[in-house]
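Have a look at the structure below, then the notes.
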Amino acid sequence: MLNIKNIIAHMIAEKVDTLTVDELMDILEYPPNPDLGDVALPCFKLSRILKKSPVDIANELAETLPKSEYIDRIESTSGYLNFFVNRDIFIKETIDEILNKRAAYGSTNIGNGGNIVIDYSAPNIAKPFHIGHLRSTSIGNALYNIFEFTGYNCVGVNHLGDWGTQFGKLIVAYKRWGSKERVEKYQIKELMDIYVKYHEEAEKDPSLDDEARAWFTKMERGDTEALELWQWFKDISLKEFSRIYDLLDIKFDSYAGESFYNDKMDAIVDELKEKDLLIESEGALMVDLDEYNMPPCLILKRDGSTLYATRDITAAIYRKNTYDFDKCIYVTSAGQSLHFKQWFKVIELMGYDWADRLVHVPFGTISIGGEKMATRAGKVILLEDVLNEAIEKTLSIIEEKNPDLEDKEEIARQIGVGAVIFSDLSNNRIKDISFSWEEILNFDGETGPYVQYTHARACSVLSKADNKVDFSFDSSLITTKEEYNLAKRLSLFPATVIEAMEDLEPSIITRYLVDLAQDFNRFYHNHSILNVEDENIRKGRLALTQATKITLENGLKLIGLKAPERV
RNA sequence: GCGCCUGUAGCUCAGCUGGAUAGAGCAACGGACUUCUAAUCCGUAGGCCAGGGGUUCGAAUCCCUUCAGGCGCGCCA
């Protein structure tokens, strides 16, 4: 991998033996204005160590640093040491590497085959898949791809919410207001309707809740009728979910949900007892976390039934035994942060040294016009509606601009769905999102369709050249500002992937793609690729175009988007 | 009350473990399609980086504090 910072850090380390290459890598930065240089060393920190003024240090280094074929010249400017890289070599090596590695450009093996369990999506059975569920799904899926790309082996787990008192409620609702015919006809919509009705009625008549609890207890005791209804509701939900996952092109390696751990929790409760971690309070059992400045972690309710934490602890131990993970990652809303901190601590107190491999990846809440979405109140925007809306809009744009496009239904799906996922992965995870139809259906500017369009544009140029791209281009003919900026951007992709992996932050890739697309479009707009007289310039620009196409495609795939060749 | 998160252009957001003149997109206005796909590009305008202290050669960035908003705090997940 051609890494300019790395090369420069080595150069400096030869001269300044008080700093290591790694430390220098940290200090080196990219100047705000490319006219100043390609890489800069601010000398203010060295000033104290070397007991000289920053200006003197920069001046001295500018004269004494060893020559390198990669560096054209070095300038000292008011305490900064600015490096100007040799563009010929830099562009040549960057493009060569991309053309050689193709789909593997940007990948690394830092994971060394270690296992990563990623727990994401996890919708609740019998509830509709709404826009709020998208975040966990899209972030988890992107992290899955990013970890695979950096040399890990991922296990994607969909920890379905398929157990709990809401099923008691649903059974009560079904028995009172539902019918087999209606459920078979309207599927999850009907389940949602009767669930909403249940909550309306329960407001007036709290005895319904007792009834619901009784049904759930029946489920736990293995009552046939209760379990058959539960299984039926579950099948209906899974059918709906897999339709949505197909649309999104997202897959899981395991669907072991909450019910999977029903028979595994007793042993864990026993283990907690043996390890003397449980205390009793008002009939419930809990782990006291007072000395860690946290409220206690509830393990068993007064009636002896289990809780969320019980299940999570059990699942973590199961996953450790089954997958021997390097990391187990939970992609859930930021509102659950305390819960995770609590039970991670319990795992630690149980004496498991792998407690520090459990990672919570929180994300912000999605709201509509300032209001939280609530299934119970029926106030939701269904993800499928959003996806279909986006696909429809894409299709109408295609009809207008490129009606002869082959396979337009599928391409419209790829772009429409891409617009929704891209928008979801645009901001830092932790930021709250206010859902807006206008924004999610906007295909201009920093959007998925923009990046996909740019990719297709590159593909179109390449196909007009019969995809004849070879390595025999002369990089000294690639001289314009736009070409150089594009090459620089391309060279940053591998470091960007690593950063996204370390920060568990897919938006880093998303934003990189926008920057890359912008750089390519500026290049494309300012310079002809095919219609240039000089055959060698043409070759160089085609190589640059091909390198862009590859990098855009690799990046899009990481965040879970397709890269259609035509749009 | 305690804890966590957020506050940057009219709106949505970038800004790396502190570095040179705070950047994009949307919206607005003005330009560019007989030429490789205009889902594009170029330009104009838009800022007391919530307020106040502090640390530093240097702060949007780190520390303290105030304010505003969001979320959480033993039998939901």
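In what follows, every chain begins at residue 1, and chains take the letters A, B, ... in the order their sequences are listed.
With a cut-off of 3.5 Å on both Watson-Crick or G-U wobble distances, the partner of B:rG74 is given as none. Look at B:rA9: it lacks any Watson-Crick or wobble partner with both distances under 3.5 angstrom. Using the Watson-Crick or G-U wobble rule with both distances under 3.5 Å, B:rU35 pairs with nothing in any strand shown.
When heavy atoms are screened at a 4.0 angstrom cut-off, A:Arg511 is found touching the sugar-phosphate backbone but no base atom. At a threshold of 4.0 angstrom between heavy atoms, the contacts of A:Asn428 are confined to the sugar-phosphate backbone, with no base atom among them. Within the 4.0 angstrom heavy-atom criterion, no nucleotide atom of any strand lies near A:Ala334. Looking at heavy-atom distances under 4.0 Å, A:Tyr30 makes no contact with the nucleic acid at all. Within 4.0 Å (heavy atoms only), A:His455 reaches no atom of the nucleic acid at all. Residue-level contact check: A:Leu542 touches neither bases nor backbone, having no heavy atom under 4.0 Å from any strand. Across all strands, A:Asp22 comes closer than 4.0 Å to no nucleic acid atom at all (heavy-atom distances). Among the atoms of the strands shown, only primed sugar atoms or phosphate atoms (P, OP1, OP2) are found under 4.0 Å from some heavy atom of A:Leu338. Contact annotation for A:Asn427: backbone-only contact, meaning every heavy-atom pair under 4.0 Å involves sugar-phosphate atoms and none involves a base. Residue contacts for A:Gln336: at a heavy-atom cut-off of 4.0 Å it reaches a base atom on one of the strands shown. If you check every strand for non-hydrogen atoms under 4.0 Å, A:Ile430 touches sugar and phosphate atoms only. Nucleic acid contact for A:Tyr450: sugar-phosphate only, since backbone atoms but no base atoms lie under 4.0 Å from a heavy atom of the residue. As judged by a 4.0 angstrom heavy-atom cut-off over every strand, A:Gln452 is placed among residues making no nucleic acid contact. Across all strands shown, A:Val514 has no heavy atoms under 4.0 Å from either base or sugar-phosphate atoms.
Between the P atom of B:rC4 and the CG atom of A:Asp432 lies a distance of 17 Å, rounded to the nearest Å. Between A:Glu499 atom CD and B:rG15 atom C1' the separation is 11 Å, expressed in whole Å. The distance between atom CD of A:Glu482 and atom C1' of B:rC42, rounded to the nearest whole Å, is 11 Å. Spacing between atom CD of A:Gln518 and atom C1' of B:rA14 amounts to 11 Å, rounded to whole angstrom units. Distance, A:Arg489 CZ to B:rG23 P: 14 Å, rounded to whole Å. Summarising the geometry, the separation between CG on A:Asp288 and P on B:rG74 is reported as 14 Å, rounded to the nearest angstrom. Put simply, NE2 on A:His525 is 11 Å from P on B:rG43, counting in whole angstrom units.
Straight-line distance between the P atoms of B:rU61 and B:rC16: roughly 11 Å, to the nearest whole Å. Taking atom P in both B:rG3 and B:rG74, one finds a spacing of 16 Å when rounded to whole Å. Comparing the C1' positions of B:rG46 and B:rC29 gives an interatomic distance of 12 Å, to the nearest angstrom. Using P as the reference atom, B:rC67 and B:rG30 are 46 Å apart when rounded to the nearest Å. Rounded to the nearest Å, the gap between the P atom of B:rC2 and that of B:rA45 is 48 Å. Only the P atoms considered, B:rC71 is 23 Å distant from B:rA9, to the nearest whole Å. Annotation: B:rG43 and B:rG52 have their C1' atoms spaced 39 Å apart (nearest Å). Between B:rG23 and B:rC49, the distance separating the two P atoms is 14 Å to the nearest Å.
Minimum atom distance to the side chain of A:Tyr453 is reached by B:rU37, of the listed B:rC57, B:rC75, B:rU37. In the set B:rU12, B:rU40, B:rA38, the nucleotide with an atom closest to the side chain of A:Asn521 is B:rU40. Of the candidates B:rG15, B:rG74, B:rA77, the closest approach to any side-chain atom of A:Leu298 belongs to B:rG74. Listed nucleotides B:rC76, B:rG74, B:rA20 differ in distance to A:Pro296; the shortest reach to its side chain belongs to B:rG74. Which of B:rA38, B:rU40, B:rA20 sits closest to the side chain of A:Asp444 comes down to B:rU40. Considering only side-chain atoms of A:Lys464, the nucleotide from B:rU37, B:rU40, B:rA14 that sits closest is B:rU37. Side chain of A:Pro295, nearest nucleotide from B:rU21, B:rU35, B:rC73: B:rC73. Among the nucleotides B:rA20, B:rC26, B:rG72, the one closest to the side chain of A:Asn442 is B:rC26.
For B:rC42, the OP1/OP2 oxygens have a side-chain nitrogen or oxygen of A:Arg522 closer than 4.0 Å. Here A:Arg457 reaches the OP1 or OP2 of B:rA38: one of its side-chain N or O atoms lies under 4.0 Å away. A:Ser460 has a side-chain polar atom (N or O) that falls below the 4.0 Å cut-off from OP1 or OP2 of B:rU37. Between A:Lys45 and the phosphate of B:rG58, there is no side-chain N or O to OP1/OP2 separation shorter than 4.0 Å. Side-chain N/O atoms of A:Lys301 include one lying less than 4.0 angstrom from OP1 or OP2 on B:rC76. For A:Lys431, a side-chain nitrogen or oxygen approaches OP1 or OP2 of B:rG7 to under 4.0 Å.
For the residue pair A:His527/A:Glu483, the side-chain donor-acceptor check at 3.5 Å is not satisfied. Side chains of A:His159 and A:Asp312: no donor on one and acceptor on the other come within 3.5 Å.
In B:rC33 the O4'-C1'-N dihedral to the base is within 90° of 0, which defines a syn nucleotide. In B:rG53 the O4'-C1'-N dihedral to the base is more than 90° from 0, which defines an anti nucleotide.
Judged by closest nucleotide on RNA chain B, A:Ile397 is the one of A:Ser281 and A:Ile397 placed further toward the 5' end. Comparing A:Thr77 and A:Ser434 by the nucleotide of RNA chain B that holds the closest heavy atom to each, the one mapping nearer the 5' end is A:Ser434.
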Please evaluate residues A:Phe167 and A:Phe233 with respect to the criterion ring-ring contact (aromatic ring centres under 6.0 Å, His included), reporting the C-alpha separation (whole Å), side-chain torsions for both, the decisive distance (0.1 Å), and the verdict.
CA-CA 9 Å; A:Phe167 288 98; A:Phe233 297 152; 7.3 Å; no
Between A:Trp215 and A:Met219, is the side-chain contact (heavy atoms from CB on, under 4.5 Å) condition met? List the steps.
CA-CA 6 Å; A:Trp215 273 107; A:Met219 277 169 60; over 6 Å; no
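Both cation-pi conditions hold for A:Lys5 and A:Tyr30: the charged atom is under 6.0 angstrom from the six-membered ring centre and inside a 45 degree cone around its axis. For the pair A:Lys127 and A:Tyr195, the cation-pi criterion (under 6.0 Å, within 45° of the ring axis) is not fulfilled.
To the nearest 0.5 Å, atom CG of residue A:Leu462 and atom NZ of residue A:Lys468 are 13.0 Å apart.
A:Asp119 has a carboxylate O that lies under 4.0 Å from a charged side-chain N of A:Arg319, or vice versa, which qualifies the two as a salt bridge. A:Glu535 and A:Lys539 are not joined by a salt bridge, as no carboxylate oxygen comes within less than 4.0 angstrom of a charged side-chain nitrogen. A salt bridge is absent between A:Glu211 and A:Lys169; no separation between the charged side-chain nitrogens and carboxylate oxygens falls under 4.0 Å.
A donor-acceptor contact under 3.5 Å links the side chain of A:Asn82 to the base of B:rA20.
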